[in-house]
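Just the heavy atoms: all of them, side chains too, but no hydrogens, waters or symmetry mates, feed the values below. As the structure is a computational prediction, the values presented were derived from the model and not from experiment. For ligands, and for the atoms within them, numbers begin at 1 and follow the listed sequence.
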Amino acid sequence: MWGGRFAAGPSAIMREINASIPFDKALWRQDIAASKAHVAMLGAQGIVSAEDAAEIASGLDSVADEYERDGVPEDWDLEDIHMTTESRLAALIGPVAGRLHTARSRNDQVATDFRLWVRDAMDQADAGLAAFQRALVDRAEEHAASIMPGFTHLQTAQPVTLGHHLMAYYEMAARDRSRFADARDRANQCPLGSAALAGTGFPIDRHATAAALGFDGPTANSLDAVSDRDFALDYLMAAAQCALHLSRLAEEFVLWASQPFGFVSLPDSFSTGSSIMPQKRNPDAAELVRGHSGRIIGCATALMVTMKGLPLAYSKDMQDDKPPVFEAASLLALSLAAMTGMVAETTFRAERMRAAAENGYATATDLADWLVRVRGIPFREAHHITGAAVKLAEQRGVALDALGLDDLQAIDTRIDDGVFAALSVEASVAARASHGGTAPVEVRKRVAEARAALARD
Ligand code: ARG
């Protein structure tokens, strides 16, 4: 393909290090689509004859049929998917195939193919996130009033509703979707026609190829267009953020499935047994989602490091852009599917959660709030009085609302038996009906908004 000025062929090692076909064959659909758009434009502009353009286009269809049927052949001598396709085209239609590469370079070709691939990956991530959100909303509605301990520092803090906890992940997923959408908007410019780096002297129509491939328009600077991998980094960073969210939920499932917590029993479909300990039911899928997030973050880091020192325009280092993106995309798709399945199928043990909320003095803040609200005591003083009540309950090994009125009055005479109504976990969550709060009424309101948003997808 470039043998004209070379006396000898590449060494075996050169062929191996140079070849990207083992991984970039994944771009074959995009490569065919971009070549078809290019040759149609060459024909329309009279840069190649209409007959040649038609012959090349139908030859490309035949190559695509072969790939679909038999897979893409991997010949290292042909380096990459672009040369593999062109060489197969030449074998099928003869020397006219050589006209396809007019006014084009592999540099704008790969930038275009890869953008198309990443754009699809963004759409897939969005669809995966939408399914995840639907599962969260379903379970949140079911458990809008189920009470569990809310934690800070992983110490029991205040009662919350399970529905509220699940909807927190709905919000994270919504931001993840907006990150992918935002990245997609920015990526949707077509590099094709930037040629090697400087543009071309042929009278091409870049607006036509951009439109044919579903881009918003052509890129504005040919040097930038062949050098830019921001679109892949935007994807990887959105993927890393999304994986990080999935990993936090996965971690909670691992914790909640442990015997001391016992908040959930994970479905058989997402657990494994142990070959030695018959009682075991391991949360492997959740652990792997947690693990995969590390690999996805690694993919984002890998491409940032690849790109950071490259002068304009194309350098072969950039061939290494694809493996981390492909890896991240398949790990993310699996992670999203696994978390969606776990959310949909997990049994939440609402009674255990409720008991844990009752055992951890989770309503201590409600006692302090009651002293403020009903008795007009400054919050700091109320906090101090409540601390004494918790200390006494702890000494006796009982819940706050199991202390007698005389015990509470011995701590502070302003307490009367009206306080007990405020000390139940139900009263505690029902009271927190501020916008975005944990009260069942607020959770149901947000669930309804979420359903409406998902219906508009
Ligand atoms: N296989 C190459 C890549 O993935 C295609 C671009 C090759 N361009 C070049 N000037 N050698 O980056």
**Student:** Could you label the plane-to-plane angle of the H165 and Y169 rings as parallel, tilted or perpendicular, counting under 30° as parallel and over 60° as perpendicular?
**Tutor:**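 Aromatic pair H165/Y169 classed tilted.
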
**Student:** Could you check whether R446 pairs with E141 (Lys NZ or Arg NE/NH1/NH2 to Asp/Glu carboxylate O, under 4.0 Å)?
**Tutor:** no

**Student:** For ligand 1, give me the residues whose heavy-atom distance to it is below 4.0 Å, by chain and number please.
**Tutor:** S20, D24, D80, H82, R106, N107, V110, Y314, K316, Q319, K322

**Student:** Between CG of L89 and OG of S62, what distance do you get to the nearest 0.5 Å?
**Tutor:** 8.5 Å

**Student:** Kindly assign one of parallel, tilted or perpendicular to the pair W256 and F348, based on the angle between their ring planes and the thresholds 30° and 60°.
**Tutor:**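 Aromatic pair W256/F348 classed perpendicular.
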
**Student:** What about F114 and F231, are their ring centers closer than 6.0 Å?
**Tutor:** yes

**Student:** Taking the six-membered ring of F215, is the NZ or CZ of R119 close enough (under 6.0 Å from the centre) and on axis enough (within 45°)?
**Tutor:** yes

